[in-house]
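Here the structure is a predicted model, which means the values were calculated and not measured. Letters A, B, ... are given to chains in the order of the sequence lines, protein chains preceding strands, and every chain is numbered from 1.
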Amino acid sequence: MRWSQNFIHTLRQDPSDAEVVSHRLMTRAGLISKVAAGIYNYLPLGWRSLQKLEVIVREEMERAGSAELVMPAVQPAELWQESGRWFEYGPELLRLKDRHERDFCVGPTHEEVITDIVRRAITSYRQLPVNLYQIQTKFRDEIRPRFGLMRGREFIMKDAYSFHADADDLDTAYRAMEAAYCRVFERCGLGYTKVEADTGNIGGSESHEFMVLADTGEDAILSCPACAYGANVEKAETGRVTPAPEWPRELPGSAEAVHTPEMRSVEQVAEFLEIDPAHLIKTLIFETDEEFVAVLIRGDLEVNEVKLKNELGCTHLQLASEAKIEEITGGPQGFSGPVGLDGVRIIADPTVMELAVAATGANREDTHLVGVVTGRDFEPSSVVDIKLAAAGDPCSTCGEPLIERRGIEVGHIFKLGTKYSTSMGCRFQDAGGKEEPMIMGCYGLGIGRTLAAAVEQNHDDKGIIWPLPLAPYEVVLVVLNADKSEIVEAAEGLYNELRSAGIDVLFDDRSERPGVKFNDMDLLGFPVRVVVGKRGLENSEVELSLRKDGEKHLTPISEMVGGVQAMLEDLRS
RNA sequence: CGGGGUGUAGCGCAGCCUGGUAGCGCACCUGCCUUGGGCGCAGGGGGUCGGAGGUUCAAAUCCUCUCGCCCCGACCA
C-alpha cells in the first residue's frame with residue numbers, strides 16, 4: 001500500500017481532549033477519531049491493527065474449539081425480559097423502539113441471544129458441549145466514557161459462550177479458554193497477569209480477569225510476590241491482618257460515654273482518646289434497594305463494597321445520606337455505633353469481632369463510647385469478611401505481603417452456571433432422560449481495549465512502538481528527495497521487491513521534507529523502517545532500522561530484502 | 001447524578017475582565033526557493049465566535065436559559 005493512496009492524517013499537536021497516552025497517540029497518529037463521547041471511528045491504519053488482532057483471536061478461539069458466528073446488535077426486549085435483565089440492567093442498556101413502538105435494545109452483551117439460539121437447537125446431552133464466539137460491536141451507555149478506546153460506549157468485543165451437561169465439562173472449556181487468552185496476549189507481546197475476579201452482575205461462580213499492566217489502568221490488582229495468587233482488589237482475600245495492639249488502659253466495667261466534640265473522623269477520635277485507630281469500630285450506614293444496614297469495620301481498615309454487595313445480594317448500594325443516618329441511629333454522621341442500634345441489620349467484619357475491647361460512636365452528638373466489648377455490649381446480625389484488601393496485607397495462601405499494581409482489564413472469563421439457562425428454559429435431557437438446565441460459561445475479550453493497552457505499554461516520547469503482530473504494517477519504506485526521478489524510480493523498484501517477497505509494507509511515497517517523514521514514522525511506530533535517499537543511493541545503499549532502538553544499518557541495495565527479512569525474523573523470535 | 005473546567009477556521013490557542021470592523025501558530029491553496037529529523041520568502045482561501053433568548057445605538061465580550069465536550073467523584077462484564 002502506498003501512503004498517497006491511503007488515508008493517513010497525523011496531527012502535530014496533541015488533541016486537547018485526550019488524557020491518557022494511548023488515546024493521545026492513537027488520535028495523533030490518525031488511527032482513530034472521535035464521533036461523540038465514547039464513540040470512535042477506526043481509521044484505515046487503526047482498523048488494520050485491529051484486524052490483525054482479530055486474526056490472532058480467531059486462530060486461538062478455533063484452537064480452543066469455539067466456532068464463530070455473528071449475532072445482531074439490536075435485540076428484542078422480550079429476550080431480556082425473559083432473563084430478567086430488562087429490569088435489572090439499568091440505564092447502561094440503550095433502549096429503543098421501532099416504528100411499531102416495540103421495545104428493543106442495543107446489545108451490551110449477548111447471553112440472551114446466544115441462549116435463545118442454543119435452546120432452539122439442542123435437546124440432548126449427546127449434542128453438548130456447544131462453544132460459540134463472535135467478534136462484534138457492543139454498546140454500553142457508560143456513565144462516564146473516557147480514555148479513548150479504553151472505555152468507550154461503543155466498542156468491539158470478542159465474546160464467547162459455552163454450554164455443558166455438567167460442571168466438569170464446563171471446567172474443561174473454561175481451562176481451554178483461559179489458555180487461549182494467555183496465548184492471545186502472549187502473541188501480542190503484552191505484559192499481562194491473570195487474576196481472580198468478582199463476577200459482578202453477570203453472575204456465576206468462578207471468574208478470572210486478564211489485566212495488561214499499566215499505570216493508567218482503571219483497576220487495582222493485588223498479587224503475591226511469593227506464590228501465584230493475584231486478584232482484583234474488589235475480590236482479593238487476605239490472610240489474617242495484624243491484630244490491634246493491646247488496649248492501653250484498664251478495662252472499664254461497662255462502656256462509658258465520652259464527650260468528643262466535633263470528632264468525626266477515625267483519626268481525630270483516636271488521637272483525642274489516645275488509642276490506636278485499630279481500636280475503633282467504624283460504623284457505616286449503607287442503603288440498598290430495599291433496606292438499610294449498619295456495617296462494622298475496624299477503624300484502620302476500609303469496607304469492600306463489592307464484597308458487601310454480594311453478601312447483601314443487592315444490585316444497588318450506597319452510603320446513606322446524613323439525614324437517613326440521623327433517622328436510623330439517632331445521632332449525626334460520624335458518631336454512629338452498634339451499641340443499642342435497633343431496627344437494622346448489623347454486619348460485622350471478623351476483624352471487629354477479634355477486638356477484645358473497643359471504642360465506637362454513641363449514636364449521640366459529640367459522644368463516643370469507650371470500653372465497648374463485643375458480645376457484651378452489642379451482637380452483630382452476621383459476621384462476614386467485607387474488608388477491602390490493601391497492599392501489605394498478608395497473602396491468603398502463603399502469608400507474604402501483597403503488592404498492588406494497576407491494570408487494564410482486557411479479558412474476563414466467567415463460569416456462569418445456570419443463571420440464564422434456568423430463566424430462559426435452555427434445557428437438555430441427560431442420559432437418564434431427565435431434563436436439566438445447561439451449565440454455561442462466558443468469555444469476553446476487549447478488542448479495541450487490547451489495542452489501546454498495547455499502545456499504553458509500547459511507546460516512547462516520540463510515538464507508538466508497535467509490537468510486530470499488531471503493527472498496521474510491519475515495514476515502512478520511506479523515500480527522501482522524492483523530487484528526483486532516479487530516486488523515486490529506485491524506491492519504486494525496492495517497493496516492488498518487498499511486495500514480491502510477501503512483506504507487509506507501506507510505501508511512504510510523499511514528497512514531504514525528511515523531518516516531516518521521520519517524525520511521522522516515529523509517531524506511527526512501524527517496527528522496521530527502510531529509508532531510500534540521495535545520500536545512500538550514491539553508494540547503492542539503503543538504511544534499515546528498527547523503531548524500538550533506532551539504530552541505523554547501511555545495507556547494499558541488493559541485500560535489502562534479505563536484511564528486512566532478517567530483522568522481521570529477529571522481531572518474531 | 002454531584003463538583004470543577006471548557007466551547008472562537010481542519011488542529012492548538014489568544015481576544016471576553018473594561019462591549020465598538022474576529023486574531024495568532026500549525027495545516028491548506030498559488031508562486032519562487034529548499035530537501036537526511038516538523039525549511040525560507042511572498043501572496044491567498046477559510047470562522048452566522050456551540051445554540052436560543054435578553055440588555056444595548058452596538059454583543060465573541062454583559063445577563064438568562066440550553067446543548068456538547070473534558071477532568072474528579074459516585075457508578076460500571
Within the 4.0 Å heavy-atom criterion, would you say A/Arg529 contacts the bases, only the backbone, or no part of the nucleic acid?
base
Is the distance from OP1 or OP2 of B/C13 to the nearest side-chain N or O of A/Ser16 less than 4.0 Å?
yes
RNA chain B: 5'-proximal contact among A/Phe147 and A/Val532 (nearest heavy atom)
A/Val532
In terms of relative ring orientation, are A/Phe185 and A/Tyr192 parallel, tilted or perpendicular, with 30° and 60° separating the classes?
tilted
Choosing from B/G12, B/C75, B/C71, which nucleotide comes nearest the side chain of A/Glu305?
B/C75
Does B/G37 have its OP1 or OP2 closer than 4.0 Å to a side-chain nitrogen or oxygen of A/Lys552?
no
So that I can tick it off, tell me whether A/Glu311 and A/Lys307 are bridged by a salt bridge, with the cut-off set at under 4.0 angstrom between side-chain N and carboxylate O.
no
Rounded to whole Å, please give me the gap between CD1 in A/Ile487 and P in B/U35.
11 Å
Tell me whether the OP1 or OP2 atom of B/C70 has a side-chain N or O from A/Lys34 closer than 4.0 Å.
yes
CZ of A/Arg28 versus P of B/A27: gap in Å, rounded?
14 Å
Rounding to an integer number of angstrom, what distance separates B/U8 and B/G15 when you compare their P atoms?
14 Å
CD of A/Glu512 versus C1' of B/G38: gap in Å, rounded?
9 Å
Contact class for A/Phe155 (heavy atom, under 4.0 Å): base, sugar-phosphate, or nothing?
base
Go through the N and O atoms of the side chain of A/Arg146 and the base of B/C71, and report whether any donor-acceptor pair is under 3.5 Å.
no
CD of A/Glu88 versus P of B/C76: gap in Å, rounded?
13 Å
Between A/Lys534 and A/Gly411, just flag the one whose closest nucleotide in RNA chain B comes earlier from the 5' side.
A/Lys534
B/A27, OP1 or OP2 - any side-chain N/O from A/Arg12 closer than 4.0 Å?
yes
Under a 3.5 Å cut-off for both distances, is B/G68 Watson-Crick or wobble paired, and to whom?
B/U6
Check side-chain contact (heavy atoms from CB on, under 4.5 Å) between A/Glu497 and all other residues, then give those that pass, not counting sequence neighbours.
A/Leu494, A/Met560, A/Val561
When you measure from the side chain of A/Lys309, which nucleotide among B/C72, B/C70, B/C76 comes out closest?
B/C76
Keeping the roles fixed (side chain from A/Arg153, backbone from A/Ala37), state whether a donor-acceptor pair exists under 3.5 Å.
yes
For B/U61, give its Watson-Crick or G-U wobble partner with both distances under 3.5 Å, or none.
none
Can you check the A/Glu287 CD to B/C75 P distance for me, whole Å?
13 Å
Between B/G50 and B/A22, how far apart are the two P atoms, rounded to whole Å?
15 Å
Measure the acute angle between the ring planes of A/Trp80 and A/Tyr89, then classify it against the limits of 30° and 60° as parallel, tilted or perpendicular.
perpendicular
When the C1' atoms of B/C1 and B/U55 are considered, how many whole Å apart are they?
34 Å
What's the closest nucleotide to the A/Glu92 side chain, out of B/C76, B/C69, B/C72?
B/C76
I'd like the C1' distance from B/G19 over to B/C49, given in whole Å.
15 Å
Is A/Gly536 touching bases, backbone alone, or none of the nucleic acid, heavy atoms closer than 4.0 Å?
base
Figure out the CG/C1' separation between A/Leu11 and B/G25, and round it to whole Å.
15 Å
Please produce a list of atom pairs where a protein N or O lies less than 3.5 Å from an N or O of nucleotides 30-34 of chain B.
from, atom 1, to, atom 2, distance (Å)
B/U34, O2, A/Arg513, NH1, 2.5

I would like to know whether A/His412 and A/Ser207 meet side chain to side chain donor-acceptor pair (under 3.5 Å); could you show each step before the answer?
CA-CA 7 Å; A/His412 199 161; A/Ser207 171; 2.6 Å; yes
Taking NZ, NE, NH1 and NH2 as the nitrogens, is one of them in A/Asp198 or A/Lys309 under 4.0 Å from a carboxylate oxygen of the other?
no
Per atom distances to the A/Ala37 side chain, the nearest of B/C11, B/C70, B/C71 is B/C70
Salt bridge or not for A/Glu82 and A/Arg119, using N-O below 4.0 Å?
yes
Assigned partner base of B/U55, Watson-Crick or wobble definition, under 3.5 Å
none
Taking the side chain of A/Asn519 as heavy atoms from C-beta outward, which of B/U35, B/G38, B/C76 is closest to it?
B/G38
Of B/G38, B/G37, B/C71, the nucleotide closest to the side chain of A/Val516 is B/G38
Determine the interatomic distance between P on B/G12 and the same-named atom on B/U34; round to the nearest Å.
35 Å
d(CD1, A/Ile143; P, B/G3) in whole Å:
16 Å
Interatomic distance where CZ belongs to A/Arg144 and C1' belongs to B/G3 [whole Å]
11 Å
Given B/G25, B/G37, B/G38, the nucleotide with the shortest approach to the side chain of A/Gln13
B/G25
With hydrogens left out and only the distance checked, is there a donor-acceptor pair under 3.5 Å joining A/Asp522's side chain and the base of B/G37?
yes
Looking at B/C13, which nucleotide sits across from it as a Watson-Crick or G-U wobble partner, both distances under 3.5 angstrom, or is there none?
B/G23
Using the C1' atom on both, measure B/A58 against B/G20 and round to a whole Å.
7 Å
Nearest-angstrom distance, P atom, B/G4 to B/A9
27 Å
Suppose we call a contact any N or O donor and acceptor under 3.5 Å apart; does that hold for the side chain of A/Arg535 and the base of B/G37?
no
Salt bridge or not between A/Arg58 and A/Glu68? Use side-chain N to carboxylate O under 4.0 Å.
yes
Base partner of B/G43, which must satisfy Watson-Crick or wobble distances under 3.5 Å
B/C29
Whole-angstrom distance between B/U18 and B/U30, as gauged at atom C1':
42 Å
Flag the pair A/Lys194 and A/Glu209 as a salt bridge only when some basic side-chain nitrogen lies within less than 4.0 angstrom of an acidic carboxylate oxygen.
no
Between A/Glu154 and A/Lys138, is the closest basic N to carboxylate O distance under 4.0 Å?
no
